[in-house]
2 protein chains.
Amino acid sequence: MKHVLSVLVNNSAGVLSHVSGLFTRRGYNIDSLSVGETEDPTKSTITIVVNEEEKMVRQIEMQLYKLMNVLRIEDLTYKESAKRELVLVTVTAPRESRSEILTLIDVFKARIVDMTKDQIMVEMSGTPRAVESFLEAFREIGIEKIARTGTIALALPSCSYCDGNTQ
Amino acid sequence: MKHVLSVLVNNSAGVLSHVSGLFTRRGYNIDSLSVGETEDPTKSTITIVVNEEEKMVRQIEMQLYKLMNVLRIEDLTYKESAKRELVLVTVTAPRESRSEILTLIDVFKARIVDMTKDQIMVEMSGTPRAVESFLEAFREIGIEKIARTGTIALALPSCSYCDGNTQ
């Protein structure tokens, strides 16, 4: 099962290689990893999507806490949280495919970054599932190049009148 | 100066910790790092923004090429390329601030993910500069939580009639 861990770390040289090294040495399966700044310039968040059993994930948490400069770990898997990814793709776009491509861009609320005679570059963000669907649709047309972030996640604000849906 | 390196690697255990370990050992200054899937499930792209002199960046390239499983390095700094980031923020949003917040969301073409009595969660993607401006605007209102990807980048399609502008 996929677990999303949000790991707050000090911005110290080596913290990323220590964290990723832990996953390597133990043979844990990282699906995606993203390092981003926080509001405090001395700290970063590493968001890791790991495909392991519950028991393993608890072990990983324990081992991460033993690393220097790991400050806090939040497992967002069972929390109501928003998960998002971003992708840039260049697609084959001869004139006869353009109208189909523009429709898809509209459907997925994506944005055109650049367009030449034969290619269109598109930017799209959304849930990991929406990004996968977007890519699946464009694969049929022809993806030339792709750049994709890992998943980021944030717990939804608590809310007294909300039901249990997760976005 | 900030350089954007797009590093294509085999999806092998340890490649990320080897790459990030190289930066640590040599004391190079990583501004951001993002690991994302490619269209080939056996390969990933690591996008690294590094703040170093030209000479240093050439050394880093040479050293990266010596690592197992590093297949190709593209320095997108001087190429016409699109650079994008994604951020999720939760902002303080009492009723009296809501209209200002909604205006900002409109200006930055951001999207509301969730809204409770006191908080709004917003998703925004754009150039690193646009993301910074967006955060600056919301800092005045009050950012409670933030999750941010590193920068991803893709070379713009070549185009016989384009001028030299970079997005």
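Just so you know, these numbers come straight off a predicted model, no measurement behind them.
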Asker: Say you draw a straight line from CG of L156(A) to NZ of K145(B); how long is it, rounded to the nearest 0.5 Å?
Answerer: 9.5 Å

Asker: What residues of residues 85-98 of chain B sit under 4.5 Å from chain A when only non-hydrogen atoms are counted?
Answerer: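 So far as heavy atoms go, E85(B), L86(B), V87(B), L88(B), V89(B), T90(B) are the residues that approach chain A to under 4.5 Å.
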
Asker: Any chance you could measure M124(B), atom CE, to R84(A), atom CZ, to the nearest 0.5 Å?
Answerer: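 Here the rounded value is 15.0 Å.
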
Asker: With hydrophobic residues grouped by side-chain heavy-atom distances under 4.5 Å, do F108(B) and I141(B) end up in a single group?
Answerer: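 The answer is yes; both residues are in one hydrophobic cluster.
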
Asker: Say whether I105(B) and V131(B) are linked into one hydrophobic cluster, either directly or through other cluster members, by side-chain heavy-atom distances under 4.5 angstrom.
Answerer: yes

Asker: Show the nearest heavy-atom pair for residues T116(A) and S158(B), with the distance to one decimal.
Answerer: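 Residues T116(A) and S158(B), closest heavy atoms: CG2-O, 3.8 Å.
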
Asker: Given side chains that start at C-beta, do those of R148(B) and I152(A) come closer than 4.5 Å, heavy atoms only?
Answerer: no

Asker: In terms of heavy-atom pairs under 4.5 Å with chain A, which of T24(B), T149(B), V19(B) leads?
Answerer: T149(B)

Asker: Taking C-beta and beyond as the side chain, do P157(B) and D114(A) meet within less than 4.5 Å on heavy atoms?
Answerer: yes

Asker: Examine whether an atom of R25(B) lies under 4.5 Å from a heavy atom of chain A, and if so say whether it belongs to the side chain, the backbone or both; otherwise answer neither.
Answerer: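 Neither the backbone nor the side chain of R25(B) comes within 4.5 Å of chain A.
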
Asker: Can you tell me which of H18(B), R139(B), Q119(B) forms the most heavy-atom pairs within a distance under 4.5 Å of chain A?
Answerer: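 Most heavy-atom pairs under 4.5 Å with chain A: R139(B).
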
Asker: Of all of L154(A), L135(A), N11(A), which one pairs up most often with chain B through heavy atoms under 4.5 Å apart?
Answerer: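 Top option by heavy-atom pairs under 4.5 Å: L154(A).
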
Asker: Do V9(B) and L76(B) share a hydrophobic cluster (ILVMFWY, side-chain heavy atoms under 4.5 Å, transitive)?
Answerer: no

Asker: Is it the backbone or the side chain of L16(B) that comes under 4.5 Å from a heavy atom of chain A, or both, or neither?
Answerer: both

Asker: Let's go through S125(A) and R111(B) carefully: what are the C-alpha distance in whole Å and the side-chain angles of both, what is the deciding distance for side-chain contact (heavy atoms from CB on, under 4.5 Å) to 0.1 Å, and is it a yes or a no?
Answerer: CA-CA 10 Å; S125(A) 69; R111(B) 294 175 197 168; 4.0 Å; yes

Asker: Any chain of hydrophobic side-chain contacts (each under 4.5 Å) joining L102(B) to M115(B)?
Answerer: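 Hydrophobic grouping puts L102(B) with M115(B).
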
Asker: Kindly check if the number of other-residue, nucleotide or ligand heavy atoms within 6.0 Å of CE (M68(B)) is above 12?
Answerer: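 No, not enclosed.
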
Asker: Search all heavy atoms of A147(A) against all heavy atoms of A153(B) and return the closest pair with its distance.
Answerer: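 Heavy atoms only, the tightest pair is CB-O, 3.6 Å.
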
Asker: Are there residues of residues 30-65 of chain A whose heavy atoms fall under 4.5 Å of chain B's heavy atoms? If so, which?
Answerer: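 Result: D31(A), L33(A), S34(A), V35(A), G36(A), E37(A), T38(A), E39(A).
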
Asker: Would you say Y28(B) ends up clustered with V15(B) if hydrophobic residues are merged whenever their side chains have heavy atoms under 4.5 Å apart, either directly or through other cluster members?
Answerer: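 Same cluster: V15(B) reaches Y28(B) through Ile, Leu, Val, Met, Phe, Trp or Tyr contacts under 4.5 Å.
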
Asker: Heavy-atom cut-off 4.5 Å, strictly under: side chain, backbone, both or neither for A155(B) against chain A?
Answerer: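 For A155(B), heavy atoms of backbone and side chain both lie under 4.5 Å from chain A.
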
